[in-house]
2 protein chains.
Amino acid sequence: MRPLGLRERKKLKAMRHIQDVALDLFDRDGFAHVTIERVAAEAEVSPSSIYRYFGTKEMVVLWDEYDPIMLQALDDRLAAQDPISALRGILTELVDTAMFEQDERVIMRRMHYAMEEPAVRGALNRQADAMAVELRGTIAKHTGRDPDGLELRVVTAALISAFLEALAYWHETGYRDSLKTIVEGALDVIERGLRVE
Amino acid sequence: MRPLGLRERKKLKAMRHIQDVALDLFDRDGFAHVTIERVAAEAEVSPSSIYRYFGTKEMVVLWDEYDPIMLQALDDRLAAQDPISALRGILTELVDTAMFEQDERVIMRRMHYAMEEPAVRGALNRQADAMAVELRGTIAKHTGRDPDGLELRVVTAALISAFLEALAYWHETGYRDSLKTIVEGALDVIERGLRVE
DNA sequence: ACTGAACTGCGAGCCGCTGTCAGTTGACGG
DNA sequence: CCGTCAACTGACAGCGGCTCGCAGTTCAGT
């Protein structure tokens, strides 16, 4: 799996390029006012290729080549630790990776649309939903709980939504604090229970 | 506000009729394979009217004439009680209302698409997001918390997502138990904190 | 090399959704 | 009861996201 063939490398490069070009156009004219056709023209690929690569216009923004790696890492950790520790661990790992530093600017550009553009936000939520299902299955497998039980459903949903809120807060506060700090704060809130008043 | 004019009554009747016709067609041919044009023809209104009434195809399923009433009731309760008690209260009230009994079948039909059809599910999440924002504002007002603080964000998100999971669970278990029981179970989980292992 | 499979671009087309405009219908004061 | 005005409705045109089938091209394994 490690050594990517030429085909895959070309595809990855094309996707990076398309995403980059698209973000430029979105920044200039706004997400809604940029057509896929124009992105395709600017990136010198055909519109159908964009749809083949990304599936939807929103995914042009949301796609992240490291997502599968992250998910794999999370899965691995879940075999040995509880979900909250696993998430904390991933975050720490992430911050220590040069990859993150390097692409942080791109991440923030994408985050802008993920938070401000309703359509993109919707797609993000959908991704989160899919992730919740998978997470539930994994936790169930490692703890012997009922994967379809109400309790586990609520717990994983709370976890995922806490992470999403952390992202939103990170964005709204202008990326002032590190994402790691914020996510840990969010997890703390969840962990200690929700005395509301 | 109470006595609805003829205009509003006609509109409400039309919307009920359109939703009903649409659900019939969706049941027969599937959500994706039914065009708004066909719904319009079957309901004997113009397509533009459907868009004026509901905004999007998904909202034809999600629209509920009692939603604004529910939201108002929730707002009222939030002035005097904490959010969890308020939600429990609304649920109890709901179950006691004849309105619910009467329309329960329609609710289940709609629920089917809200859960199984990705596009509709997306719209539901979006509604939930909007509700979270409002809820945050209301809680902040009544408790003096920072409406944009991380803690309140996480708490309200957990509450809303718990409710959504309760709905999903209700649907998945074939509406066996009452929604009230399930929501209360979900709220219990949230309330006592999320020790995961 | 060479064959098969995967990928790409092209063209046509569906349908959700928006905006405009002319015609109609209910709300309201006299 | 009626005239006026605002609100609503339907017909139409059009945009653009997205899909599909097809023909030509490019990479992978032998």
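No hydrogens, no waters, no symmetry mates; every other heavy atom, side chains included, goes into these values. Letters A, B, ... mirror the listed sequences (proteins, then strands); counts begin at 1.
- Minimum atom distance to the side chain of B:S46 is reached by D:dA11, of the listed C:dC17, D:dA11, D:dG17.
- Summarising the geometry, the separation between NZ on A:K13 and P on C:dC7 is reported as 18 Å, rounded to the nearest angstrom.
- B:Y53 has no side-chain polar atom (N or O) that falls below the 4.0 Å cut-off from OP1 or OP2 of D:dC8.
- One atom, CD1 of B:I50, and another, P of C:dC17, lie 11 Å apart when rounded to the nearest Å.
- In the set D:dG17, D:dA11, C:dC10, C:dC10 carries the atom at the smallest distance from any side-chain atom of A:S48.
- Contact annotation for A:K10: backbone-only contact, meaning every heavy-atom pair under 4.0 Å involves sugar-phosphate atoms and none involves a base.
- Judged by closest nucleotide on DNA chain D, B:R7 is the one of B:R7 and B:P47 placed further toward the 5' end.
- In this structure, CZ of A:R52 is placed 13 Å from P of D:dG21, rounded to the nearest angstrom.
- Under 4.0 Å is where a charged nitrogen must lie from a carboxylate oxygen, and between A:E172 and B:R153 at least one such pair does.
- Remark: C1' of D:dG16 and NE2 of A:H33 are 13 Å apart, rounded to the nearest angstrom.
- If you measure from atom CD of B:E8 to atom C1' of D:dA6, you get 14 Å, rounded to the nearest angstrom.
- Distance NZ (B:K57) to P (C:dC17): 8 Å, rounded to an integer number of Å.
- With respect to A:R77 and A:E93, a salt bridge is recorded, a charged nitrogen being found less than 4.0 Å from a carboxylate O.
- Comment: A:R109 engages A:D20 in a salt bridge, judged by a side-chain N to carboxylate O separation of less than 4.0 angstrom.
- Residue B:F26 contributes atom CZ, which lies 13 Å from atom P of C:dC15 at whole-angstrom precision.
- At least one side-chain heavy atom of A:F31 sits less than 4.5 Å from a side-chain heavy atom of A:K57.
- Residue-level contact check: B:V60 touches neither bases nor backbone, having no heavy atom under 4.0 Å from any strand.
- Classification of A:R88 and A:E191 as a salt-bridged pair holds, one side-chain N sitting under 4.0 Å from a carboxylate O.
- Comparing C:dC15, D:dA28, D:dC18 against the side chain of A:T56 picks out D:dC18 as the nearest.
- Between the CD atom of A:E37 and the C1' atom of C:dG11 there is a distance of 12 Å, rounded to whole Å.
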